[in-house]
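Bear in mind that the values here come from a model prediction, so they are computed numbers and not experimental data.
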Amino acid sequence: MTIHMRQVQVTCFVRHLSCTNFAEQTARQLLGEGGMQLSPIKAFILDKSIENNWYIPWHQDLKIAVKQILQVEGYTNWTLEAGIPHTEPPLNILEGITTLRVHLDNCTKRNGAIYILPKTHNRGKLTSSQIEEAVTNETALCCEVQQGGVMIFKPLLLHNSPLSQQEMPRRILQIEYVKKELLSPLLEWH
């Protein structure tokens, strides 16, 4: 019961924080979007530690969560994840999404800091062979961030998440924003 209540409280906190003017203004300032209106479309906490550990290979974040599955031109690769419909939207929507990561702990090489391949978000959606070629031929950058630091990136940026190798937790609040004018009139965000 206590665990369930804690999850509900954390969920409410994350939802509230992602919708505050402070979070949106921070995202806009860091993005240089000026008067652009941003909408939060996804928010969650990543809690990585030795006990709760995972590895994610090099990838781009290509899926969005929507309220229902509809056959809409340009939306492909439909899946149901944890009961929520997901789809791969057209490129212009992916280019309009920005991820804001607020680091609740120090994030280091030893506790699972993500690695990126700089500027790969400018190449559009990459095939598996293009990803493999980029990983082989380009230099990865480890994104170590101090507690309280903010990292912003585009979901098309090639990145991976290595396993944590130490007891120190790596908790991150991750919020994804999209420019409001990109929201599809046919599909609603979940």
Side-chain angles (χ1 to χ4, degrees), residues 1-20 22-24 26-27 30-31 38-65 79-86 88 94 97-121 126 128 131-132 134-136 138-178 189-190:
M1 182 69 169
T2 305
I3 292 173
H4 178 67
M5 279 302 292
R6 183 167 183 253
Q7 288 173 338
V8 170
Q9 290 169 345
V10 168
T11 301
C12 290
F13 167 75
V14 170
R15 184 177 295 124
H16 174 72
L17 181 60
S18 68
C19 293
T20 62
F22 170 76
E24 182 180 336
T26 300
L30 292 170
L31 291 170
L38 300 174
S39 243
I41 55 170
K42 188 189 295 183
F44 53 91
I45 291 180
L46 297 162
D47 186 6
K48 185 182 280 193
S49 65
I50 288 290
E51 297 80 31
N52 187 34
N53 213 353
W54 65 88
Y55 167 79
I56 300 175
W58 288 99
H59 68 287
Q60 296 174 299
D61 295 331
L62 299 177
K63 295 270 183 137
I64 60 170
T79 57
L80 204 57
E81 300 172 25
I84 300 169
H86 283 71
E88 193 173 306
L94 291 172
I97 296 173
T98 299
T99 299
L100 178 103
R101 291 167 60 106
V102 180
H103 293 76
L104 307 176
D105 300 299
N106 288 330
C107 186
T108 69
K109 233 181 238 191
R110 300 272 304 138
N111 72 345
I114 69 169
Y115 284 76
I116 64 166
L117 288 178
K119 300 183 182 179
T120 51
H121 64 286
L126 300 176
S128 56
I131 291 172
E132 187 176 320
V135 170
T136 301
E138 298 177 34
T139 303
L141 174 65
C142 179
C143 297
E144 293 186 296
V145 181
Q146 294 298 311
Q147 180 180 30
V150 174
M151 176 183 176
I152 296 223
F153 68 94
K154 294 291 192 174
L156 291 173
L157 183 72
L158 274 175
H159 59 286
N160 83 345
S161 182
L163 291 168
S164 177
Q165 300 171 11
Q166 69 182 54
E167 291 297 325
M168 187 175 78
R170 188 219 67 177
R171 293 170 295 183
I172 296 169
L173 169 61
Q174 183 163 312
I175 308 169
E176 292 179 8
Y177 291 92
V178 69
W189 298 97
H190 181 273

| field | Charged N-O contact under 4.0 Å between D105 and R170 | value | no
| said: Distance check, rounded to the nearest 0.5 Å: I50 atom CD1 versus N111 atom CG? | reply: 9.0 Å
| request: Could you pull out the closest heavy-atom pair between L157 and T120, with the gap in Å? | output: CD1-OG1, 3.6 Å
| task | Indicate yes or no: at least one non-hydrogen side-chain atom of L46 is less than 4.5 angstrom from one of W54. | result | yes
| task | Determine, step by step, whether H86 and I84 satisfy the side chain to side chain contact (heavy atoms under 4.5 Å, CB included) criterion, reporting the C-alpha distance in whole Å, the side-chain angles of both residues, the deciding distance to 0.1 Å, and the verdict. | result | CA-CA 6 Å; H86 283 71; I84 300 169; 3.8 Å; yes
| request: First locate atom NZ of K109, then atom SG of C143, and finally report the distance between them rounded to the nearest 0.5 Å. | output: 11.5 Å
| task | Taking H103 for its side chain and G148 for its backbone only, find out whether a donor-acceptor pair lies under 3.5 Å. | result | no
| field | Any side-chain heavy-atom pair of I97 and L156 under 4.5 Å | value | no
| task | Without swapping roles, check the side chain of K48 against the backbone of P162 for a donor-acceptor pair under 3.5 Å. | result | yes
| Can you tell me how far CD of E144 sits from CZ of R110, rounded to the nearest 0.5 angstrom? | 11.0 Å
| query | Hey, what do you get for CZ (R171) to SG (C107), rounding to the nearest 0.5 Å? | reply | 12.0 Å
| note | For I175 and P40, the nearest pair of non-hydrogen atoms, with its separation, is CG2-CB, 4.3 Å
| query | Can you name the one residue among T99, L100, I116, I172 that meets side-chain contact (heavy atoms from CB on, under 4.5 Å) with M151? | reply | I116
| request: Please report the closest heavy-atom contact between E88 and K63, naming both atoms and the distance. | output: N-CD, 4.0 Å
| query | Are R101 and V150 close enough, and set up right, to give a side chain to side chain contact (heavy atoms under 4.5 Å, CB included), and what steps lead you there? | reply | CA-CA 6 Å; R101 291 167 60 106; V150 174; over 6 Å; no
| task | Please check if the distance between the ring centroids of Y115 and H159 is under 6.0 Å. | result | no
| field | Partner of I131 under side-chain contact (heavy atoms from CB on, under 4.5 Å), chosen from L117, L126, T136 | value | L126
| request: Would you confirm whether N106, through its side chain, and Q147, through its main-chain N or O, come within 3.5 Å as a donor-acceptor pair? | output: yes
| Does a side-chain heavy-atom distance below 4.5 Å link N160 with I114? | no
| CD/E138 to CG/L158 distance, rounded to the nearest 0.5 angstrom? | 8.0 Å
| message | Check this for me: E132, atom CD, are more than 12 non-hydrogen atoms of other residues, nucleotides or ligands nearer than 6.0 Å? | response | no
| remark: Rounding to 0.5 Å, atoms CD1 (I45) and CG (L173) come to a distance of 5.5 Å
